[in-house]
Each structure stands twice: as structure tokens, then as C-alpha cells.
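These notes concern the structure reproduced below.
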There are 2 protein chains.
Amino acid sequence: MLKVVIIGSGNVAQHLIKAFLNSADAELAQVYARNPEKLDNLLPLNMITNSYEGLKDADVYILSVSDDAIEEVTAQLPFKDRLVAHTSGSMPLDKPDNKNRRAVFYPLQTFSKSKAVDFTTIPICLESEYPEDYAILEKLAKSISPLTYAISSGQRQALHVAAVFVNNFTNHLYKVGNDICTENSISFDILKPLIKETADKITILSPADAQTGPARRNDQKTIQRHLYFIKDQEKKDIYTLLTQSIQRTNG
Amino acid sequence: MLKVVIIGSGNVAQHLIKAFLNSADAELAQVYARNPEKLDNLLPLNMITNSYEGLKDADVYILSVSDDAIEEVTAQLPFKDRLVAHTSGSMPLDKPDNKNRRAVFYPLQTFSKSKAVDFTTIPICLESEYPEDYAILEKLAKSISPLTYAISSGQRQALHVAAVFVNNFTNHLYKVGNDICTENSISFDILKPLIKETADKITILSPADAQTGPARRNDQKTIQRHLYFIKDQEKKDIYTLLTQSIQRTNG
């Protein structure tokens, strides 16, 4: 059984810890955390170290720290030639310190402390410096999710940008919808089934085929009425730019 | 049991026809369609008329035609003082012809011909010219969905604008994500769990609390790398505007 050590105690690290603890096909050997107490609700303190020298042997070390810390932490690791995978969406494969065998283990999902996730539905994007390490990475990933993909650093960068559009920006449009409801004494609950259906639809239709609304059908009367209704200049700008973009690309 | 007649044969009309045919608490008495053949896979031809003079008596007439046709069709109806509800998100209550008792029966959802919907999850926004008609409308709506709301014409206008943001514009962001995947030989399937989780999250967290990403944490390095990566000017503009808007409202 593959042994894995997780370095980090943040949001993603905590979700990975839970996933590996629940996996029958991989063994979580240890976790590194600067403040072990941060994780004491997840696993026994004797499984946590706060010294790099105390790190146990493992088949894979998963480094789940902020992008800015990756180079520094990999430089401090007191061993070499071991397989060390980071979990960043945007850090290139060849950026971390090169005394170990470098790899990427990037779970593409949005993680919140307050919401559990089902790891078996999460795609894991994999990349390895040495081809022979790919099979180890893949075996480890399959122990928590069937959805594994070979993704190059360039493709991962593209995915990270795409994820900002479909996750961060989409969530901000939900906020705009919520604001408009609040300003007009309407429950945001009324929009939730629409939000769910919009997301469900693209499992069946391509986003281009799923596009509807005044921009798509070039209904200028409705567009003008909406722009007149929206008083906030920033919301007006968003409405105008996205309407133009739909009309240009989806006409 | 309430008798309902549906006037129209478009997308929304067809979903309403199916919902009322499946309802144990309302009776679909008849449908008006200019071309009855369009509906012959949904109901027997003897339930369809293509003449206003042939319209049967009913407790409620639901007018599911394009916004532009509502005034003309209501003017042509050969009866008066009956309850006639339109299904438009943006047409004010007092716009249709006033010889009948005017009302609104607006199901807030995105309807596609090729995707079935579960009407019991769809909010129906109701408004009536005469207070005593509201109970009839509500009873009819409850026969196909438990989610009914009293919504004024002004609130409905706000909801329609909000729906453009959370549905039309969100779907366009999915398309941008899909485009970026295609340009980089990545399967769009990798983004689908993220899209689903983004929509699921706001059933538990407010959109403001669910916001994550480089804009939210003011990670200028990542923002600049993303803008450098995006070559298309329109996508760059969308990235910049939505990033600014997140930073201004969610800082």
C-alpha cells in the first residue's frame, strides 16, 4: 500500500487528510504542520510533526502550502530523490527545489472549511518530472478519486484561469443576483433553483447550446429596459460587457 | 378542481402543458396553438384549438406567448371578465388588454426543449389585478409546484434582471471556460465538478462568504499571470472588470 505524507495544514491539506484517512488503498503515514494543534480534531497528535527532520519515509510527499511557500519548503526538506508533489493550480512543475523528484497533485475543486466535499467526484490533475513516477502518482490519486488526468504545467495554467471564470466569477454573479434581490425585498431562495438548473444543464448541453436570454436573441428592448433598471454603474458595466460578449461569440 | 387553458405552444407552454397533464389537482381543459400539429406528441388533437372563438370555459387562462404578442393576443380574446395570467418575467401586470382580469403566472426557470424539468422545484411568481383572484392563482400554481411567491411587477422586473446575471451571464462564463479548455486540448469535463460545487455552495453559504480566488485575496501576482495568459481582449476585459468588482464589493 502506498504511504503518503501530507505537508501543510490549510484548507486543501485538511480535505486531503480526511480523504486519505478514509481511503482503503493508501496509508496516511504522517502530517507536517507548524502548529499541530490546528489539526488535533482530525488525527492523533502522534501522527503530526512540526519538524522537517521528524518526517517519516513515504512513497509520496504531498506539499499543500501556499504558492509563495512552495520553493522555500521544498528547499528545506532534509532528504533527496524522493517523490514530492505540490497541489498548486498555477505553480509550474520545475519551480520547486530540484533535489527531490518533482510532481504535481492538483485537485481541481473549490474547498471551504465549512462544507464537506466528496473527493470521489473531484478531478485530480497529475504531472511528474520523471515518467516512471507517473504510475505512482496515479495509483495514489486513484486511492481517493477515480477522476485522474495527465495535465501539463501549461494546461494546468489554462485550467486555473478557466476555473477563475467558472468558479470565482460565477460566484460573483450570484452575489450580484443576491444584491438585486436584497435591494428589492425578494428572497434569494427564488433564484436558487435557476442557479442549480444552469449548472446542471451543461452536463447535457454545451454552454453555447445552453445559452438563452435577451443577449442571445438580440432583444434590444429588454436589454435597454434592464440597463435602465440597473442604477449601479459597475453592475451596468458588467451587464453591457457580458451582453456584448454573448452577442459576439454566440450570435 | 380548477380548469386551466393554456394559450401558446412554445417552450414554456410545452413544459406547463406537461406539468398540468401530470397534476392531480388541476385539469388542463384545452390548449390554443396556431399550429396544433406542433403539440401532437404532447396531447390529443381534440384538446387543441387554433381559433380564439373555439376556446372553452376555464377558471384560468395562462397566456404563454412572446412578450411582444401579449397585448395583441389579449385584445383578440372573445370574452371578458375572466382570469387571464401571462407568464412573462418582464411584462408589467397592467400592460395586457384590460377587458379580462389580469394576472401573472411566472415560473422562474430556464427551459430548454431538450431537457426535462421537475416543475415541483420551480418557484412560481404570482400577481393579480384583483386581490380575490390571488387565491385562485395560488391554488393553480400549487397544483404543479409548492414554491409560490407573491411578487409585484417591480419585484418581477428586478428578478428578471437578477436571473440574467445568475443564468445567462453565468452560462456565458461556462462558455469562456469551455473555450479555454478547447484551445488547450483539455476536456471540459474536468471543470464540471467545480461548476456543480460552485452552484451547490450557495445553498449553504451566502455568495459573499463563498467567494474565493485571486481577486478575493488580492493576489496580484496570480492576477497579472492570468491576464498575461489570456490573449483574447474581450476575455481580458471580462477578467479585469469582474476582478475589480469582486475587490470593490467583497474586500
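Letters A, B, ... mirror the listed sequences (proteins, then strands); counts begin at 1.
When each of A/I190, A/I195, A/T212 is scored by its heavy-atom pairs under 4.5 Å with chain B, the top score falls to A/I190. Chain A forms more heavy-atom pairs under 4.5 Å with one residue of B/S90, B/G213, B/P193, B/S206 than with any other, namely B/P193. Counting heavy-atom pairs closer than 4.5 Å to chain A, the top residue among B/S187, B/A210, B/S152, B/C125 is B/A210. The residue among B/V117, B/D68, B/D219, B/I202 with the most heavy atom pairs within less than 4.5 Å of chain A is B/I202. When B/T203, B/I122, B/I180, B/L173 are compared by the number of non-hydrogen pairs under 4.5 Å with chain A, B/L173 comes out ahead. For the options B/D237, B/N168, B/D67, heavy-atom pairs under 4.5 Å to chain A are most numerous at B/N168. Between chain B and the residues A/Q244, A/R225, A/K196, the most heavy-atom pairs under 4.5 angstrom are made by A/R225. By number of non-hydrogen pairs under 4.5 angstrom with chain A, the leading residue of B/T243, B/T121, B/I238, B/L147 is B/I238. Annotation: maximal heavy-atom pairing with chain B below 4.5 Å, among A/K192, A/H160, A/K201, occurs at A/K201.
Looking at A/N178, the atoms closer than 4.5 Å to chain B (heavy atoms on both sides) all sit in the side chain, from C-beta outward. Residue contact with chain A, scored on non-hydrogen atoms closer than 4.5 Å, involves the backbone and the side chain of B/F169 alike. Using a 4.5 Å cut-off between heavy atoms, A/L241 touches chain B through its side chain atoms alone. Both the backbone and the side chain of B/S185 come within contact range of chain A, with heavy atoms under 4.5 Å apart. In this structure, the portions of A/T170 lying under 4.5 Å from any heavy atom of chain B include both its backbone and its side chain. Residue A/K221 touches chain B through its side chain alone, counting heavy-atom pairs closer than 4.5 Å. For A/Y149, the part lying near chain B is the side chain, with the backbone staying farther off; criterion is any non-hydrogen pair under 4.5 Å. Interface residue B/L191: backbone and side-chain heavy atoms are both found under 4.5 Å from chain A. For A/F165, the parts sitting under 4.5 Å from any heavy atom of chain B are the backbone and the side chain alike. Proximity to chain B is absent for every atom of A/A215, based on heavy atoms less than 4.5 angstrom apart. In this structure, no portion of A/D179 lies under 4.5 Å from any heavy atom of chain B. Using a 4.5 Å cut-off between heavy atoms, A/N11 makes no contact with chain B at all. Heavy-atom distances place both the backbone and the side chain of A/V161 under 4.5 Å from chain B. Looking at A/F111, only its backbone comes within 4.5 Å of chain B, counting heavy atoms on both sides.
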Q. Can you list the steps and then say if A/S153 with A/R156 is a side chain to side chain donor-acceptor pair (under 3.5 Å)?
A. CA-CA 5 Å; A/S153 288; A/R156 191 157 36 86; 3.1 Å; yes
Q: Go through B/H15 and B/Q109 one step at a time and tell me if the side chain to side chain contact (heavy atoms under 4.5 Å, CB included) criterion holds.
A: CA-CA 11 Å; B/H15 283 284; B/Q109 188 48 285; over 6 Å; no
(Q) Run the side chain to side chain donor-acceptor pair (under 3.5 Å) test on A/D209 and A/Q211 for me, step by step, so that the C-alpha distance in whole Å, both residues' side-chain angles and the decisive distance to 0.1 Å come before the verdict. (A) CA-CA 6 Å; A/D209 288 338; A/Q211 190 66 56; over 6 Å; no
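Residues B/S88 and B/I70 meet the side-chain proximity criterion, which asks for heavy atoms closer than 4.5 Å. Taking the side chain as every heavy atom from C-beta outward, A/I124 and A/Y106 never approach each other to under 4.5 Å.
Of the possible donor and acceptor atoms, none in the side chain of A/H86 sits under 3.5 Å from a partner among the backbone N and O of A/I62. A/K236 contributes no side-chain N or O that, together with a main-chain N or O of A/K231, makes up a donor-acceptor pair within less than 3.5 Å. At least one donor-acceptor pair closer than 3.5 Å links the side chain of B/D118 to the backbone N or O of B/T120. No donor-acceptor distance shorter than 3.5 angstrom exists from the side chain of B/T198 to the backbone of A/N167, with no hydrogens or angles considered.
Checking A/E129, A/E127, A/E71 one by one against A/R102, the salt bridge (charged side-chain N to carboxylate O under 4.0 Å, His left out) holds for a single residue, A/E129.
A distance of 5.5 Å separates CD1 in B/I151 from CG in B/L159, rounded to the nearest 0.5 Å. Here the straight-line distance linking atom OG of A/S64 with atom CG of A/L16 works out to 5.5 Å at 0.5 Å rounding. A distance of 6.5 Å separates OG1 of B/T110 from CD of A/E197, quoted to the nearest 0.5 Å.
Remark: aromatic rings of B/Y239 and B/H226 are close, center separation under 6.0 Å.
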